[in-house]
Amino acid sequence: MDSAAPSRLEPHAIALLRGGPRAAVTVAVLSLHLRGAVGAGRVGTMRTTGPAADRSLPPLTKAVHAALYRPAGLRQLLDRQAVRRALTGLRDELKAAGLLRTFPPGRTRAGRRTLKSLRAQHPLPDHGPGLPVEDQLLAVALYGDRALTAVAPRFTREAGLTGRGGTTERDLRQSWGSGGGGDITGCGTA
């Protein structure tokens, strides 16, 4: 990793670096689900099922939990103001670390090297359940849908995180929209 890169990136930051806002929010949702704080609602939606007990949760995870005061699908969740604000803060942190650039929006060379290094250190696990929570989150952050369906297949399907309209497998430039200069308000919500 570059000396400018943080020594320890959180899984949701890695997901943002890999796949954009949708991927980062998916990791935050999974983190809450694995803690028992979020479950599937009606088909294709998520809802809170309990408090987010850990006070040291990252800002994005806290924002996602608070934003699910009303059940929502992934697209609606990405549109909620608190989530957009937390994503903007996270994106700014990655820019300050030299891993993302503003124009054109995307990863820097250091960001690409960081992802490559993390994937080399943490190959895709053969199975998801049974792994420690942090390892599950890291796998989803690095490998997206392949890891997500292995870690929490039922929740993933019922909550609409994969399949029609819910995937984390978008190239960073596509998930940030075109011509928006990386504006978070258009992040893969179309």
Side-chain angles (χ1 to χ4, degrees), residues 10-94 105 128 133 136-141 143-178 180 182-190:
E10 294 290 331
H12 58 279
I14 294 167
L16 182 67
L17 187 59
R18 179 194 57 81
R22 181 180 283 261
V25 169
T26 298
V27 169
V29 165
L30 179 63
S31 172
L32 290 164
H33 173 70
L34 294 173
R35 289 170 172 30
V38 167
R42 288 179 295 196
V43 177
T45 66
M46 298 157 280
R47 61 182 177 78
T48 56
T49 55
D54 190 353
R55 297 258 188 246
S56 65
L57 290 175
L60 178 60
T61 305
K62 287 179 186 176
V64 166
H65 188 262
L68 285 172
Y69 65 92
R70 215 176 48 219
L74 191 56
R75 288 181 182 175
Q76 291 88 19
L77 193 54
L78 283 162
D79 283 338
R80 297 206 170 149
Q81 186 176 7
V83 173
R84 287 194 326 255
R85 214 177 10 252
L87 284 166
T88 298
L90 182 57
R91 190 178 71 230
D92 290 345
E93 289 174 22
L94 291 173
V133 170
Q136 290 180 47
L137 295 176
L138 183 59
V140 173
Y143 299 102
D145 288 351
R146 291 182 295 166
L148 185 60
T149 55
V151 167
R154 184 174 178 180
F155 172 70
T156 298
R157 183 178 56 255
E158 291 174 357
L161 295 176
T162 59
R164 193 170 172 206
T167 182
T168 63
E169 297 304 311
R170 296 191 179 183
D171 186 332
L172 189 59
R173 275 174 260 142
Q174 291 173 338
S175 68
W176 279 12
S178 60
D183 181 25
I184 212 114
T185 60
C187 300
T189 57

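- Shown here are the side chain to side chain contact (heavy atoms under 4.5 Å, CB included) partners of A28, two or more places apart in sequence or in another chain: L60, T61, V64.
- Minimum heavy-atom separation, L68 to T48: O-CG2, 3.6 Å.
- Applying the side chain to side chain contact (heavy atoms under 4.5 Å, CB included) rule to L137 yields the partners P11, V27, L30, S31, L34, V133, E134; only residues at least two apart in sequence or on another chain are considered.
- Here the CD-CG distance, from Q136 to L148, works out to 10.5 Å after rounding to the nearest 0.5 Å.
- By the side chain to side chain contact (heavy atoms under 4.5 Å, CB included) test, R47 is found to be paired with T49, P71, residues two or more places apart in sequence or in another chain being considered.
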Do T26 and D145 pass the side chain to side chain contact (heavy atoms under 4.5 Å, CB included) test, and can you show the C-alpha distance, the side-chain angles, and the key distance before you say yes or no? CA-CA 10 Å; T26 298; D145 288 351; over 6 Å; no

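- H65 meets the ring pair (Phe, Tyr, Trp, His ring centres under 6.0 Å) test with no other residue; sequence neighbours excluded.
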Between M46 and E158, is a side chain to side chain contact (heavy atoms under 4.5 Å, CB included) present by the stated rule, with each step listed? CA-CA 8 Å; M46 298 157 280; E158 291 174 357; over 6 Å; no

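- Qualifying salt bridge (charged side-chain N to carboxylate O under 4.0 Å, His left out) partners for E10, counting only residues two or more places apart in sequence or in other chains: none.
- In terms of heavy-atom proximity, T156 sits nearest to A152 at OG1-O, 2.6 Å.
- Residues that satisfy the side chain to side chain donor-acceptor pair (under 3.5 Å) test with E93, not counting sequence neighbours, are absent from this structure.
- Pairs of residues two or more places apart, or lying in two chains, that qualify as ring pair (Phe, Tyr, Trp, His ring centres under 6.0 Å) and include a residue from residues 26-54 are H33-F155.
- Checked against salt bridge (charged side-chain N to carboxylate O under 4.0 Å, His left out), R35 has the following partners two or more places apart in sequence or in another chain: D54.
- One distance of note links CG of L74 with CZ of R22; it measures 4.5 Å at 0.5 Å rounding.
- Nearest approach of A159 to A40, heavy atoms of both residues: N-CB, 4.0 Å.
- Closest approach of R70 and R80 over heavy atoms only: O-NH1, 2.9 Å.
- Heavy-atom minimum distance, L77 versus A67: CD1-CB, 3.7 Å.
- Taking all atoms of both residues into account, the shortest heavy-atom contact from P51 to A37 is O-CB, 3.5 Å.
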